[in-house]
Protein chains: 2
Amino acid sequence: MSTAASPPGRPGRRPSTSQVELENVAFRLFERDGFDATTVDDIAKAAGIGRRTFFRYFDSKNDVVWGAFTGHLEYMRERFAARPAGEPVMESLRAVVVDFNRVDEGETDRHRRRLELILRVPALQAHSTLRYADWRAVVAEFAAHRTGAHPGDLRPQAIAHAALGTALAAYEHWLGDPGSDLCAVLDTAFAELAVGFGEESRCS
Amino acid sequence: MSTAASPPGRPGRRPSTSQVELENVAFRLFERDGFDATTVDDIAKAAGIGRRTFFRYFDSKNDVVWGAFTGHLEYMRERFAARPAGEPVMESLRAVVVDFNRVDEGETDRHRRRLELILRVPALQAHSTLRYADWRAVVAEFAAHRTGAHPGDLRPQAIAHAALGTALAAYEHWLGDPGSDLCAVLDTAFAELAVGFGEESRCS
DNA sequence: TTCCATTTGACACCGGGTGCCATTAACCTC
DNA sequence: GAGGTTAATGGCACCCGGTGTCAAATGGAA
């Protein structure tokens with residue numbers, strides 16, 4: 001269980017574990033003792049590795065929670081690029097975000113626990129900001145590209161922030177309603193965002 | 001300079017310094033060596049107090065940067081409550097945010113350095129999230145109150161996030177343009193937000 | 001077997017943050 | 001002025017997250 005099968009044929013010592021494996025161990029401890037009360041030493045000991053080694057698998061304790069969830073941003077960028085050029089911005093946004101949040105059937109449970117930690121634990125809330133910034137940057141970049149503006153301009157920034165807010169609100173809703181489907185919630189949320197926002201500003 | 005004049009007539013030893021004093025000392029060091037490179041020991045030593053005492057004036061090193069900037073949220077809440085009931089949400093928002101960001105003439109410089117730190121130093125960006133959350137909560141609460149929704153609902157949340165994004169974009173703009181007036185920048189930014197948002201969603 | 005590549009984990013160290021507690025400095029009362 | 005009370009101080013030990021260094025362990029290839 002702890003000896004990770006690694007592609008043979010490569011010189012050098014084989015890793016004694018893996019990110020996923022460590023993630024599993026850590027999540028069990030987080031669930032049992034809480035995130036803050038679980039120390040890196042605890043995780044390392046439970047995984048049978050040295051403390052120093054832990055930090056070779058994850059840059060920080062916080063990063064454990066995000067896990068493979070990271071690195072998908074490039075994928076999101078591609079999805080944006082793949083949308084038809086004539087499509088309204090908010091519609092592209094909805095489609096991409098919903099698609100981006102689709103997870104495998106078996107992963108749903110872990111995804112839930114993951115988001116629960118991210119949204120509820122203060123230390124992770126703070127840390128998440130940096131991730132969110134990247135996420136927003138991708139959205140702003142897209143919005144800017146579509147409207148012929150710069151990503152740093154007001155409108156793309158506001159859109160990106162609002163989109164993030166919508167996504168977070170949807171996550172919260174999903175967490176509160178165990179039976180619901182995340183993608184469905186996100187879909188209606190972003191549809192509502194597109195329809196309802198700016199109601200009494202421009203159109204009144 | 002280091003002996004703080006405190007209201008006499010109170011029993012017990014008098015504080016040997018003050019938050020503002022510590023803030024001054026800290027900001028000087030931040031400016032000279034950078035936020036990360038400045039340790040709490042450095043600040044304490046420079047202020048002539050013990051390290052332990054520092055943490056009685058500020059909960060954390062991060063908190064130094066926010067200083068008296070904190071605790072104003074209640075004031076913002078009041079300002080919202082004072083707006084005429086018939087006023088469009090986005091207009092109230094603009095008025096209150098602009099007013100909320102008005103600082104004394106002599107404080108402008110410090111305010112600038114403060115925001116520079118908050119927006120540029122990663123550690124502070126992360127920490128700021130928790131403050132932003134409170135700020136957003138006030139906005140969402142107002143928006144919800146006005147539209148008969150709950151603060152946790154989608155629309156108030158999206159508005160609050162978008163408002164925060166707009167404010168941050170305005171701050172960035174202000175920092176980049178030394179001659180500009182923060183309130184003026186914020187005013188146009190929020191006016192633009194009210195006018196321009198949802199352009200191609202509802203009205204196209 | 002020897003060489004090389006890679007991972008490991010021990011050790012020491014730094015910096016932020018906290019609990020504890022004796023000490024110091026003020027005021028107040030007798 | 002002595003003694004009590006109140007409050008701030010600062011030293012100490014400690015925890016935890018994170019990093020630099022380096023010798024040892026492990027495996028493939030020559």
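Residue numbers begin at 1 in each chain, while the letters A, B, ... track the order of the sequences.
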Return whichever of Asp59(A) or Ala37(A) has its heavy-atom-nearest nucleotide of DNA chain D closer to the 5' end. Ala37(A)

Taking the six-membered ring of Phe30(A), is the NZ or CZ of Lys61(A) close enough (under 6.0 Å from the centre) and on axis enough (within 45°)? no

Is Arg10(B) close enough to dA8(D) that one of its side-chain N or O atoms is under 4.0 Å from OP1 or OP2 there? yes

Can you find a side chain N or O atom of Arg13(A) that sits less than 4.0 Å from OP1 or OP2 on dA25(D)? no

Cationic tip of Arg114(A) above Trp66(A) ring, under 6.0 Å, 45° of axis: no

Can you find a pair of side-chain heavy atoms, one from Leu22(A) and one from Val64(A), that are under 4.5 Å apart? no

Could you pull out all donor-acceptor pairs under 3.5 Å where a side-chain atom in residues 180-189 of chain A meets a protein atom, sequence neighbours excluded?
residue: Ser180(A); atom: OG; partner: Asp177(A); partner atom: O; Å: 2.6
residue: Asp181(A); atom: OD2; partner: Ala184(A); partner atom: N; Å: 3.1
residue: Asp187(A); atom: OD1; partner: Arg94(A); partner atom: NH1; Å: 2.9
residue: Asp187(A); atom: OD2; partner: Arg94(A); partner atom: NH1; Å: 3.3
residue: Thr188(A); atom: OG1; partner: Ala184(A); partner atom: O; Å: 3.4
residue: Thr188(A); atom: OG1; partner: Val185(A); partner atom: O; Å: 2.9

In whole angstroms, the gap separating P of dC16(D) from NE2 of His127(A) amounts to 20 Å

Contact class for Tyr57(B) vs. all strands (heavy atom < 4.0 Å): base, sugar-phosphate, or nothing? sugar-phosphate

Within the 3.5 Å criterion, strictly below it, is a donor on Tyr75(A) or Asp99(A) matched to an acceptor on the partner's side chain? yes

Using whole Å, what does the distance between atom P of nucleotide dA25(C) and atom CZ of Arg14(B) come to? 11 Å

Categorize Gly12(A) for me: base, sugar-phosphate, or nothing, with a 4.0 angstrom heavy-atom threshold over every strand shown. base

Separation of dT8(C) atom P from Arg56(A) atom CZ, nearest Å, is 7 Å

Comparing Asn62(B) and Gly50(A) on DNA chain C - which has the more 5′ nearest nucleotide: Gly50(A)

So, Arg32(B) and Thr38(B): side-chain donor and acceptor under 3.5 Å apart, yes or no? no

Nucleotide N/O of nucleotides 13-16 of chain C paired with protein N/O under 3.5 Å:
residue: dG16(C); atom: OP1; partner: Lys61(B); partner atom: NZ; Å: 3.0
residue: dG16(C); atom: OP2; partner: Val40(B); partner atom: N; Å: 3.1
residue: dG16(C); atom: N7; partner: Arg51(B); partner atom: NH2; Å: 3.3

Nearest-Å distance, CZ (Arg52(B)) to C1' (dA13(D))? 12 Å

Could you tell me whether the phosphate oxygens of dT7(C), OP1 or OP2, come under 4.0 Å of any side-chain nitrogen or oxygen in Ser16(A)? no

What verdict does the salt bridge (charged side-chain N to carboxylate O under 4.0 Å, His left out) test give for Glu87(A) and Arg83(A), after you've listed the backbone C-alpha separation in whole Å, the side-chain angles of each residue and the deciding distance to 0.1 Å? CA-CA 7 Å; Glu87(A) 191 177 46; Arg83(A) 302 304 301 181; 2.8 Å; yes

Could you state the CD1-P distance from Ile49(B) to dT23(C), rounded to the nearest angstrom? 21 Å

